[in-house]
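Positions are given from 1 along the sequence. FYI, side chains are in, hydrogens and waters are out, and symmetry mates aren't considered; it's all heavy atoms of this structure. Note that the coordinates shown come from a computational prediction; the quantities given were computed from them, not determined experimentally.
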Amino acid sequence: MFMAVAEMRQVTAAATALGITQSAASQHLKNLETAFNVSLFDRSTRPISLTFAGETFQRHGFRMLNLVEDLRRDIHHLAASSLPVLRVAMLASIATTLTPGLYDLVEHRFRVPELILSAGLASDHQVALNDRRIDIAVTSELIQLTTDYEVIPILDEPFFLVLPVDYDGPVDDVHALSERLSLVRFGASTPVGRRTDQQLQRCRLNLPRAIEADRSSMVMAGVITGKCFAILTPSLLIDGVAEGMALRLAPLPFAEFRRTIKLVCRRDDLGEMPMQIARECRDILQRAFRHRFPDQVDQVLFHEIG
């Protein structure tokens, strides 16, 4: 009522436009002014004008009406779909590989009007899930969960030596390797970096380091200089390899270690959708691994889902 009068500068005209009586409109305005203990209109002029408080209220009023319109739109989408928006976070290294297939699945099978995707580290996903900023995370095993969450394993993969494509030195002795190449690695602030450090410590290995980074593409960029090697899994390599980074993989010359890619979501929030999304992620990654890493794909365990 206030916004109509503020626009038309006449109570009677605004009341008619909204289909109520002039006395009811006046009572609405009086109640509003009483609630805020201010005068919103200067009634000594014709047509009436806004006071300073009224102008301030009108500015906020526009924002409130926009919020109401947003609410209407969301409710409309909700009526047309069981879910108006789905927010999915993925490990940055597989985000490009997974995005097209996930978009098709969510749009065509689930009929969700809006898909919001984000990339990051497993530690980012933990916080975002707890804060309800995302609905699903396709993440690694380094995430602390309670029974409030559902966890669906997608794949288990080993770490490999990642070498320059033209490297012709030893690969069965990591000390001899490190005399030729320096280690480029994830930083200790990242889950993969901590996991790698723990394994090297268990194997009593102290390797020279050249570069630390927090994205797999940056680690891979260090390798393709021809001066460094890395210790990574296929899922950490897949997007970079798809972009044309030429690399060579070799088995680790020390005790093997692995990591798990899994889907995590809040339990019972999304019905069967997480299971189907996990299955789609598995199938996409399996096809990509067979294409990009044919010699290593048999060492990856792809889980049965559902």
Check: Hey, mind stepping through H303 and K262 against side-chain contact (heavy atoms from CB on, under 4.5 Å) and telling me if it holds?
Finding: CA-CA 10 Å; H303 287 274; K262 57 181 62 175; over 6 Å; no
Taking the side chain from [X] and the backbone from [Y], do they hold a donor-acceptor pair closer than 3.5 Å?
X	Y	answer
T99	T96	no
D172	P253	no
R87	L117	no
S39	F41	no
Q199	A255	yes
R185	I231	no

Next item on the list: Kindly check if the number of other-residue, nucleotide or ligand heavy atoms within 6.0 Å of CG (N37) is above 12?
Entry: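 Open.
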Margin query: Are more than 12 heavy atoms, taken from residues, nucleotides or ligands other than E55, located less than 6.0 Å from that residue's CD atom?
Written below: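 Yes.
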Side-chain contact, heavy-atom cut-off 4.5 Å: [X] with [Y]?
X	Y	result
V297	F302	yes
T196	V192	yes
P158	V300	yes
R195	F186	no
V5	I48	yes
L86	I277	yes
V162	F229	no
T97	R292	no

Heavy-atom pair with the smallest gap, counting every atom of [X] and [Y]:
X	Y	answer
L129	R266	O-NH1, 3.0 Å
V171	A250	CB-CB, 4.4 Å
H125	A137	CB-CB, 3.9 Å
R282	I305	NH1-N, 3.5 Å
G101	E280	O-OE2, 4.1 Å
M218	D214	SD-OD1, 3.8 Å

Does any donor atom in the side chain of [X] or [Y] lie under 3.5 Å from an acceptor atom in the other side chain?
X	Y	result
Q22	S26	yes
Q276	R279	no
S235	R259	yes
Q126	N130	yes
D239	S93	no

For the atom pair [atom1] ([X]) and [atom2] ([Y]), what is the distance rounded to the nearest 0.5 Å?
X	Y	atom1	atom2	result
L91	L236	CG	CG	7.5 Å
Q286	C281	CD	SG	13.0 Å
L161	L181	CG	CG	10.0 Å
M64	E69	CE	CD	15.5 Å
L263	E150	CG	CD	8.0 Å
L102	E107	CG	CD	12.5 Å

Following the transitive rule for hydrophobic clusters with a side-chain heavy-atom cut-off under 4.5 Å over Ile, Leu, Val, Met, Phe, Trp and Tyr, establish whether [X] and [Y] coincide in one cluster.
X	Y	result
L32	F52	no
L301	L252	no
I211	L237	yes
V85	F110	no
L98	M275	yes

Item checked: Electrostatic pair R248-D168, nearest N-O below 4.0 angstrom ->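 Not counted as a salt bridge, because no side-chain N and carboxylate O are separated by less than 4.0 Å.
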Margin query: Between D148 and R267, does any NZ, NE, NH1 or NH2 come within less than 4.0 Å of an OD or OE carboxylate oxygen?
Written below: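 Result for this pair is no, no salt bridge flagged.
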Next item on the list: Give me the ring orientation class for F293 and F289: parallel if the planes are under 30° apart, tilted from 30 to 60°, perpendicular past 60°.
Entry: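 Perpendicular.
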Next item on the list: Apply side-chain hydrogen bond (donor to acceptor under 3.5 Å, both in side chains) to D156 and T260, showing your working.
Entry: CA-CA 4 Å; D156 292 303; T260 300; 2.3 Å; yes
Pairs under 3.5 angstrom only: tabulate donor-acceptor contacts from the side chains of residues 9-20 to other protein residues two or more places apart or in another chain.
{"from": "R9", "atom 1": "NE", "to": "A6", "atom 2": "O", "distance (Å)": "2.7"}
{"from": "T16", "atom 1": "OG1", "to": "T12", "atom 2": "O", "distance (Å)": "3.0"}

Next item on the list: List the steps, then state whether side-chain contact (heavy atoms from CB on, under 4.5 Å) holds for L183 with S178.
Entry: CA-CA 7 Å; L183 176 63; S178 63; over 6 Å; no
Checklist line | Residues V223, L163; criterion side-chain contact (heavy atoms from CB on, under 4.5 Å); working and verdict | finding: CA-CA 6 Å; V223 176; L163 305 163; 5.5 Å; no
Next item on the list: Mind running side-chain contact (heavy atoms from CB on, under 4.5 Å) on L205 and H175 for me, showing each step along the way?
Entry: CA-CA 8 Å; L205 296 173; H175 293 291; 3.5 Å; yes
Note to self: I'd like to check the side chain to side chain donor-acceptor pair (under 3.5 Å) partners of Q299; sequence neighbours left out, ordered by chain and number.
What the structure shows: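 Per chain and number, Q299 pairs via side chain to side chain donor-acceptor pair (under 3.5 Å) with no residue.
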Item checked: Under the ring-ring contact (aromatic ring centres under 6.0 Å, His included) test, residues paired with F57 that sit two or more places apart ->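 Testing F57 for ring-ring contact (aromatic ring centres under 6.0 Å, His included), a comparison that skips the adjacent residues, returns F2, F36.
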Next item on the list: Kindly indicate, with the supporting measurements, whether the criterion side-chain hydrogen bond (donor to acceptor under 3.5 Å, both in side chains) is fulfilled by Q201 and D197.
Entry: CA-CA 6 Å; Q201 290 167 10; D197 277 354; 5.3 Å; no
